[in-house]
Amino acid sequence: MNYKKFIFSIVFIQIFSFFLFAQTKTDSAKSVSPEVKSSSAFAELLLRKTELESELEELLVSYTEEFPKVSETRYEIGVLQREIDKLSKIKPAESGKLTLALGKLMVRKAEIETDHWNFKNRFSDDHPQTKRAKRKLEIFDKAINEIMQ
């Protein structure tokens, strides 16, 4: 009898998670204006995010959540989602700023931010690699802000 309850609760959790995830995806997709969705920058971010999500699914077949590459991939997906959220706040009249170059800058910034996160987890903030990654991140962030303003 306990076995049936256990199976039922697992199935319930999976179904609930699916609907919760689907609702979150739908809500975030609705918040992006058509002008932003049709931009090159949005397409570049979405392409990289989709590639990472596909890679993550492949990794999860063989590895657990604790595997370093899994957590690194999840982190980068989160960074890309934050960048997409930034784009969604752009007014339709300013959508001309959302060029392919901006998208490439944002994708590269996400990669550098992930590297910085890795170095911070492995080394101290004073370590040369951590400092270099932080400086690179600041340079890319400055370039992105210059375009977005």
Side-chain angles (χ1 to χ4, degrees), residues 10-149:
I10 295 294
V11 169
F12 177 77
I13 290 170
Q14 288 179 336
I15 291 171
F16 180 75
S17 298
F18 171 77
F19 284 114
L20 183 63
F21 179 73
Q23 185 63 37
T24 304
K25 282 260 190 198
T26 306
D27 290 347
S28 67
K30 285 181 184 176
S31 66
V32 180
S33 72
E35 293 84 3
V36 171
K37 275 187 176 181
S38 64
S39 71
S40 298
F42 181 83
E44 193 71 21
L45 287 168
L46 188 60
L47 171 65
R48 180 65 181 149
K49 184 179 170 211
T50 303
E51 289 172 342
L52 287 172
E53 287 171 342
S54 173
E55 185 180 318
L56 179 62
E57 288 301 316
E58 193 174 310
L59 286 169
L60 290 173
V61 169
S62 303
Y63 301 102
T64 64
E65 290 290 333
E66 291 77 32
F67 188 67
K69 185 68 177 167
V70 170
S71 58
E72 178 182 319
T73 304
R74 283 202 188 280
Y75 184 83
E76 189 170 346
I77 290 169
V79 172
L80 289 167
Q81 185 58 53
R82 283 196 314 267
E83 295 298 318
I84 289 170
D85 293 344
K86 282 182 190 177
L87 289 184
S88 69
K89 295 175 183 168
I90 297 291
K91 296 173 186 165
E94 297 177 344
S95 63
K97 297 177 179 181
L98 307 180
T99 63
L100 180 60
L102 176 64
K104 288 180 182 276
L105 278 169
M106 293 175 109
V107 166
R108 185 69 181 115
K109 178 190 169 218
E111 293 168 356
I112 293 168
E113 190 169 336
T114 303
D115 289 344
H116 181 248
W117 177 76
N118 277 328
F119 291 138
K120 280 181 67 173
N121 288 338
R122 279 193 265 158
F123 309 119
S124 72
D125 286 342
D126 295 331
H127 192 276
Q129 284 183 307
T130 307
K131 285 181 176 181
R132 270 192 296 270
K134 182 178 181 182
R135 182 66 187 130
K136 280 173 116 177
L137 184 59
E138 290 168 352
I139 290 168
F140 273 81
D141 202 31
K142 181 181 174 187
I144 290 167
N145 288 335
E146 191 173 320
I147 292 171
M148 298 285 276
Q149 290 178 354

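Throughout, residue positions are numbered sequentially from 1 according to the sequence presented. Keep in mind that what you see is a predicted model, and the values were worked out from it rather than measured. Scope of the values below: all heavy atoms of this structure, side chains included, with no hydrogens, waters or symmetry mates.
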For the NZ atom on K86, are there more than 12 heavy atoms of other groups (residues, nucleotides or ligands in this structure) within a distance under 6.0 Å?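 It does: K86 NZ has more than 12 such atoms within range.
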Residue E58 excluded, over 12 heavy atoms near CD under 6.0 Å: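 Count not over threshold, so no.
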If you round to the nearest 0.5 Å, how far is [atom2] of [Y] from [atom1] of [X]?
X: L137; Y: W117; atom1: CG; atom2: CH2; result: 14.5 Å
X: I139; Y: I144; atom1: CD1; atom2: CD1; result: 12.0 Å
X: M106; Y: L87; atom1: CE; atom2: CG; result: 4.0 Å
X: K104; Y: L47; atom1: NZ; atom2: CG; result: 9.0 Å
X: N118; Y: F123; atom1: CG; atom2: CZ; result: 9.5 Å
X: F42; Y: I90; atom1: CZ; atom2: CD1; result: 13.0 Å

What pairs meet the salt bridge (charged side-chain N to carboxylate O under 4.0 Å, His left out) rule with one or both residues in residues 62-77, with sequence neighbours excluded?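 Matches after skipping sequence neighbours: R48-E76, E55-K69, E65-R74, K69-E72.
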Using the rule salt bridge (charged side-chain N to carboxylate O under 4.0 Å, His left out), only one of E138, E83, E44 pairs with K109; which is it?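 Looking at E138, E83, E44, the match for K109 under the salt bridge (charged side-chain N to carboxylate O under 4.0 Å, His left out) is E83.
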R108/K136 under side chain to side chain contact (heavy atoms under 4.5 Å, CB included): CA gap, chis, key distance, verdict: CA-CA 10 Å; R108 185 69 181 115; K136 280 173 116 177; 4.0 Å; yes
Given side chains that start at C-beta, do those of [X] and [Y] come closer than 4.5 Å, heavy atoms only?
X: K131; Y: F119; answer: no
X: V70; Y: L60; answer: yes
X: T130; Y: K134; answer: no

Closest approach of I147 and L105, non-hydrogen atoms and distance?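 Closest approach of I147 to L105, heavy atoms only: CD1-CD1, 3.6 Å.
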A133 to I112 - nearest heavy-atom pair and separation: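 Looking at all heavy atoms of both residues, the closest pair is O-CG2, 3.7 Å.
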Pair listing, ring-ring contact (aromatic ring centres under 6.0 Å, His included) test, anchored in residues 81-111, at least two apart: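 Non-adjacent pairs meeting ring-ring contact (aromatic ring centres under 6.0 Å, His included): zero.
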Using residues 91-100 as the side-chain source, report each donor-acceptor pair under 3.5 Å to any protein atom, sequence neighbours left out, with the distance given to one decimal.
unit_1	atom_1	unit_2	atom_2	d
S95	OG	P92	O	2.9
K97	NZ	M148	O	2.8
K97	NZ	Q149	O	3.1
T99	OG1	L102	N	3.3

Given 3.5 Å as the limit, does a donor-acceptor pair link the side chain of S38 with the main chain of E35, or not?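 At least one qualifying donor-acceptor pair exists.
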